[in-house]
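Within every chain, numbering begins at 1; the chains are lettered A, B, ... in the order of the sequence lines, protein sequences first and strands thereafter. Quick caveat, the model's predicted, so the values are computed rather than measured.
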Amino acid sequence: MQYDPKELDRKWQAEWAKKKPFAALDNSEKPKYYVLDMFPYPSGAGLHVGHPLGYIASDIVSRYKRLKGFNVLHPMGYDSFGLPAEQYAIQTGQHPAKTTEENIATYRRQMDSIGFSFDWDREVRTSDPSYYKWTQWIFLKLYDTWYDKAADRARPISELTAIFSKEGNATVNAHCDETPAFTANEWNAWDDAQRQTTLLNYRIAYLSEAYVNWCPALGTVLANDEVKDGFSERGGHPVERKLMMQWSMRITAYAQRLLDGLDGLEWSESLKEQQRNWIGRSEGALLRFKVTGHRSQVEVFTTRPDTIFGVSFMVLAPEHELVSEITTAEQKSEVEAYIAKAKARSDRDRMADVKTVSGAFTGAYAEHPFTGAPIPIWIGDYVLAGYGTGAVMSVPSGDQRDWSFARHFGLPIPSVIEGSELSKGANESKEGVLENSDFLNGLPVKEAIKRAIAKMEALGIGKGRINYRLRDAVFGRQRYWGEPIPIYYKDGIPYPIEKLPLELPAIEKYLPTETGEPPLGRADIWNWDLATEQLVENGKGYPIEMSTMPGWAGSSWYFLRYMDPHNTDAFASKDEVNYWQNVDLYVGGSEHATGHLLYVRFWTKFLKDLGHLPFDEPAKKLVNQGMIQGVSEKIARYDGYLNTIGGTDATANFYYFVNASNEIEKKSIPNLPGERHTAAIFYSNDVITQLRSAWGRTYELKIKETAKDSEATYSSKSDLPFRTSLLHVPISFVDNHVADLDALRKDRGDFEEGVFVCTGGYWYKGEFHEHLAQGQDRFTTLPEVEKMSKSKWNVVNPDDIISKYGADTLRLYEMFLGPLEDAKPWNTNGIEGTYRFLRKFWNLFHAGDAFAVSDDAPTKAELKALHATIRKVEDDIEKLSLNTSVSQFMICVNELTELKCNKRAILEPLTIVLSSFAPHIAEELWQQLGHTDSISFATYPKFEAAHLVEDSFSYPISFNGKTKLQLELSTSLSAAEVEAIVVAHPEVIARLEGATPKKVIVVVKRIVNVVV
RNA sequence: GCUCGGAUGGUGGAAUAGGUAGACACGCAGGACUUAAAAUCCUGUGGCCAUUGCGGCCGUGCGGGUUCGAUUCCCGCUCCGAGUACCA
């Protein structure tokens, strides 16, 4: 029997689908282990080779843990609400549910073909009403909760209203919006509308008017983590700031807990650091400055209250609410002009241009809280409205931005730290001693900060304050394909819809309405009838919220649903939650660091606060698999002789260069006459997918594979007028007729060269000519590593690998590429090696076509090979160092092949160890070994150290740390005995040339070092 | 700018706890088998020098340090990658 991976894949995948050996048990005495992958958004493109990397790793762990006796929960599902399906729906009119369904089918087929051991009976889809019923339920809990800072946890609103009716809000220490004080009597006298309006200031899910990231092209608002450099993360459309009524989540209430919780997590340091930076805690003081001649005060946040005597001016953000109030008549026009200018600048421009200093003087002055000195108040766009209080006390001697501003506008720069050199820039160091600072003089900075805050608090002008960069998360999206927010409005006041799920209504078109409402504004039946708790025709009930939830809503709790996916009474039963607890190993991409991974922690802590969970972190251990990048071959040089009909026109020789930003740079070739043309070729692996010329023509090319003189033409699905496909040709073929090519060869060893024959045409001197040249045009490409993406023509599909080598080879090879967490370009260079390994493994069991395993007793060498592997693989899986496990398997099989080992006592346990990596071949051989049950029910073999004990060890003998010879000595010898043998050894004596060693270091079973 | 990673042969990458640098694999070169090719197998493969023999020297981005001994620890650089950015 020959190793036939395709047949084994088919056979065992069918068997697993039928017998479900990977089902997690609901009521088990076994210890649990929860291995979770980040579930995918099912895009139309399907999986590429990068996606399965993490899934393969987690699958290996899952299968291993089962062998180790754990009840393993290893589920998979789909994050199936989202923008692309909706965009596609807008273009085609197809319901997003339909395309989503189709995409899921593709994903499922591809995942099955890799042989993952998911428990598919637990699949979840965030767009399924039976799932989002609970997303909506959690939303209502968030709506019905406030954050008690005193108790440091979320509490039901009912407990808040109870306090209000007894004591008003004076005693409440809540994380909330600014709310005027009221008494119990006032509260009790209010009508419901007024109470509800007030409560919105306290609710964790709340409606408020706020500046949001508005993306006009997408017609929706976006959360901060969905905006990158002023553009939407999806689609890359410009984003602007807009004041809107919006649902938000008071995640800021959890800022400190989200920060503290990181310490106990086994997540990568870089990921924890990203979250820490995103939360952005800074300690300092909040203090108020009186504005001369006004009742209003300017409040500022500073991390350096010690530099208070270095304040020489203040700057407000242009949007600051006090600007219009305090600006003097003389300065009014200047200030207004500046505000107008600042508004016109997009965030993008503002960010790109951080060097330019700009601002305007308001004409107003504040009073220094200690000296009473007048401090001019300016506005400037380097102060952000959204951070701190939107105003700063400027200390030009201690802050570079303040320093630049002061320099630009000729404001004073008083020194407050001894020895500051202020002619070239500010002194931002936190080391140093205060000067010119009244009661702070002579104190070191850290001490002065404490003293300053104490004094401010004593005088009642300020207080110590911790500020966070983290913003509340905008929750509403003006989209169709998301969870409806279960809220109706009565006189503009929001109320919850308790009857869930509130299902997404059908609509005709998926665009916003003509009046600018979200797509749900197109639904005819989107009113709520209170009496019947039913949807009713618009106008017959209360209008329902038209925005939907963001993509991160469904993914913020999905790990809980897997525990009990079919429960209709709760998101998951208490029993299941208590048994499975949180995720033991979570595998996914680091791009979710400040989005999903923050939100899921937030919701977990929230649900813990309400008593629904016994833990407050979703995942104990998290591993980020590195991105598998694609390699795009880009033309670095192209030499073409453009032949016209009837003759060769060598004057059209041209040359171009594709630079790093994928732009084509024209380069002229000295001493060669003619017009210069440019072109770019994109291809993946062996096939060029596209040739675009700079003059707008795309060529179809017929390729000559010159080495074998066979012709190959590739057709394409593209609707481009001409189409290109190329094969590599051996470098030796290329007649390098242009001198620069040699320079290129020297610079880079990784280029490819080829020749193509063009049967398309080209534009020359304004005329189109059919191209008849054969084998004349030459190109040189350089590979460039970039993200694998459809638009870059560099996607490698796992299906191709599987159909050629089978799933086990793909699994092993992806692990063998390198450390799981490293980013690495995809290449198939080594795939033959892993395939060869599997065949060698198979051959251990077979003699010719016959299964031939003997029951003879194993030798010591065979046992050693086996047990070294048992231990190494076990250690490696715990560390997720899976590339070295694959190496170990190769070493072991090489040794067993050498030993001609075909013994059951060795091969059977080895098959179990390998089964988590290469399950198909393992199942087959397990069956051939006579087992009827799936190998996933086997037990991981026990490592026995005795088999690795050696009688002798080959000591490396080094002189001054440099190894010179080996001595085979018994391992039972003591250090002193080894030393005695070594110094008496003739070769050692010869090397010493009569000298006496100063010292001999012996580390038993490791090394001997003779110091001369 | 700041934060966090990283730098080892032609390539991907190994190297418990400071203890034989380069495991394993690819590629390449030579050989066997074959009409031929594929597949398979064998041998070699960090660099330089010597190869009539043993061998010798250098070598983990660069410069220092600690140590009997440093890819590993410490100090100072260079370069690359990722994240983040007027955050007061």
Can you tell me the distance, in whole Å, between the [atom1] atom of [X] and the [atom2] atom of [N]?
| X | N | atom1 | atom2 | value |
| --- | --- | --- | --- | --- |
| A:Arg401 | B:rC86 | CZ | C1' | 6 Å |
| A:Leu967 | B:rU20 | CG | C1' | 13 Å |
| A:Arg839 | B:rA25 | CZ | C1' | 14 Å |
| A:Arg288 | B:rA88 | CZ | C1' | 18 Å |

Please compare A:Gly388 and A:Ala823 by the position of their nearest nucleotide in RNA chain B and report the one closer to 5'.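 Going by which nucleotide is closer to the 5' end, it is A:Ala823.
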On RNA chain B, nearest-nucleotide positions of A:Asn883 versus A:Gln888: which is more 5'?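 Taking each residue's closest nucleotide, the earlier one in sequence belongs to A:Asn883.
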Expressed as a whole number of Å, how far does the [atom1] atom of [N] sit from that of [M]?
| N | M | atom1 | answer |
| --- | --- | --- | --- |
| B:rC24 | B:rG61 | P | 22 Å |
| B:rU8 | B:rU72 | P | 14 Å |
| B:rG63 | B:rG10 | C1' | 28 Å |
| B:rA21 | B:rU34 | P | 44 Å |
| B:rC74 | B:rA17 | P | 15 Å |
| B:rG13 | B:rA7 | P | 10 Å |
| B:rC48 | B:rG9 | C1' | 14 Å |
| B:rC73 | B:rG6 | P | 10 Å |

Look at all strands and tell whether [X] reaches a base, only sugar-phosphate, or nothing, counting heavy atoms closer than 4.0 Å.
| X | answer |
| --- | --- |
| A:Lys962 | sugar-phosphate |
| A:Val1011 | sugar-phosphate |
| A:Arg276 | nothing |

With a cut-off of less than 4.0 Å, is there a side-chain N or O of [X] near OP1 or OP2 of [N]?
| X | N | result |
| --- | --- | --- |
| A:Arg1006 | B:rU16 | no |
| A:Lys964 | B:rC57 | yes |
| A:Asn843 | B:rU40 | no |

With distance as the sole criterion, is a donor-acceptor pair present between the side chains of A:Asp472 and A:Thr252 under 3.5 Å?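 Checked: A:Asp472/A:Thr252 side chains pair up, N/O donor to acceptor below 3.5 Å.
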No-hydrogen, no-angle side-chain donor-acceptor test under 3.5 Å, A:Tyr382 and A:Asp402: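 The criterion, which ignores hydrogens and geometry beyond distance, is satisfied for A:Asp402 and A:Tyr382.
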Do the side chain of A:Gln400 and the main chain of A:Ala426 share a donor and acceptor less than 3.5 angstrom apart?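 Indeed, once roles are kept as given, a pair shorter than 3.5 Å links the two residues.
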Where the side chain of A:Leu384 is concerned, which of B:rC86, B:rG12, B:rU40 is the nearest nucleotide?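 Within the option list, the nearest is B:rC86.
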